[in-house]
Amino acid sequence: MLFQIIKYRMHCEMFYGEISLLQDIIDGKSIIVVKFDQIKFHIYWDENDVLIIENERDKKIIHRNDIQKLEYGRLFIYQISLEISNNQLLVLNQYAEIIFNYLYCHLY
C-alpha cells in the first residue's frame with residue numbers, strides 16, 4: 001500500500017520521470033527501490049515494524065512517533081482495491097511525507 005501511495009505521489013509531483021520506482025523482494029523482505037542517477041534507496045519495514053530508508057552511505061529509521069511530529073502533510077486519497085481504514089491511510093501518507101522529505105534532501 002505504501003508503494004502505491006509513493007508511486008501516486010511521484011506521478012503528481014516533480015519526481016515523475018526523473019526517478020524510477022519499483023517493488024522487489026530482497027532477502028525475503030518486500031522493499032521499495034527508488035533510483036536516481038547512480039543513487040539507489042531501499043525502503044522497507046524491519047522485523048520490529050520500523051520503516052527504514054537506506055542507501056550505500058546512510059540509513060534513516062522512521063519510528064511511529066516520528067510521524068506524530070509532523071506539523072503538516074499532504075493527504076492523497078484515491079481509489080484502492082484493498083480494504084483500509086481512514087486511520088491506516090493517514091498513517092501511510094504520513095510515512096510517505098517523511099520519505100519524500102528525505103529523498104528531496106538527498107537528491108537535490
Side-chain angles (χ1 to χ4, degrees):
M1 185 62 60
L2 183 60
F3 175 79
Q4 291 178 349
I5 291 170
I6 292 172
K7 182 178 177 183
Y8 183 78
R9 285 189 62 168
M10 282 189 171
H11 179 75
C12 294
E13 296 185 19
M14 66 187 143
F15 292 117
Y16 186 68
E18 299 176 17
I19 296 176
S20 64
L21 175 73
L22 61 102
Q23 199 165 16
D24 202 354
I25 295 180
I26 296 179
D27 297 332
K29 295 179 186 169
S30 177
I31 67 163
I32 299 168
V33 180
V34 179
K35 293 183 190 174
F36 179 80
D37 286 338
Q38 300 299 319
I39 304 171
K40 185 189 296 185
F41 296 90
H42 290 166
I43 303 168
Y44 60 93
W45 302 98
D46 75 356
E47 59 277 352
N48 298 317
D49 287 335
V50 174
L51 188 67
I52 297 181
I53 308 171
E54 66 181 7
N55 63 24
E56 55 195 32
R57 289 183 279 158
D58 67 352
K59 179 188 284 190
K60 177 167 180 60
I61 299 171
I62 304 171
H63 296 280
R64 201 158 177 72
N65 60 355
D66 292 334
I67 66 172
Q68 297 169 350
K69 297 175 187 174
L70 286 177
E71 295 180 13
Y72 67 91
R74 295 176 199 92
L75 181 61
F76 286 83
I77 298 176
Y78 58 97
Q79 198 70 340
I80 54 176
S81 59
L82 301 174
E83 290 289 321
I84 186 168
S85 71
N86 288 338
N87 189 46
Q88 290 170 319
L89 186 60
L90 177 62
V91 167
L92 288 174
N93 273 282
Q94 289 170 318
Y95 278 111
E97 189 70 26
I98 293 172
I99 290 167
F100 271 75
N101 287 338
Y102 177 86
L103 291 175
Y104 185 79
C105 290
H106 283 76
L107 298 176
Y108 296 105

Interatomic distance, Leu103 atom CG to Leu21 atom CG [nearest 0.5 angstrom]: 9.5 Å

Distance from Ile98 atom CD1 to Asn93 atom CG, nearest 0.5 Å? 11.5 Å

Roughly how far, to the nearest 0.5 Å, is the CD1 atom of Ile32 from the CG atom of Leu51? 7.5 Å

Between Ile25 and Ser30 the two heavy atoms that sit nearest each other are CG1-CA, 4.3 Å

Roughly how far, to the nearest 0.5 Å, is the CD atom of Gln94 from the CG atom of Leu89? 10.0 Å

Please identify which of these residues, Trp45, Phe100, Tyr102, meets the ring pair (Phe, Tyr, Trp, His ring centres under 6.0 Å) condition with Tyr95. Trp45

If hydrophobic clusters are built by linking Ile, Leu, Val, Met, Phe, Trp and Tyr wherever their side-chain heavy atoms come under 4.5 Å apart, do Ile6 and Ile31 end up in the same one? no

To the nearest 0.5 angstrom, please state how far the CG atom of Leu92 sits from the CZ atom of Phe3. 14.0 Å

Across all chains, not counting sequence neighbours, the side chain to side chain contact (heavy atoms under 4.5 Å, CB included) partners of Glu54 are His42, Tyr44, Ile52, Lys59

When rounded to the nearest 0.5 angstrom, what distance separates CG in Asn55 from CD1 in Ile39? 7.0 Å

If the condition is side chain to side chain contact (heavy atoms under 4.5 Å, CB included), which residues does Asn48 pass it with, not counting sequence neighbours? Asp46, Val50

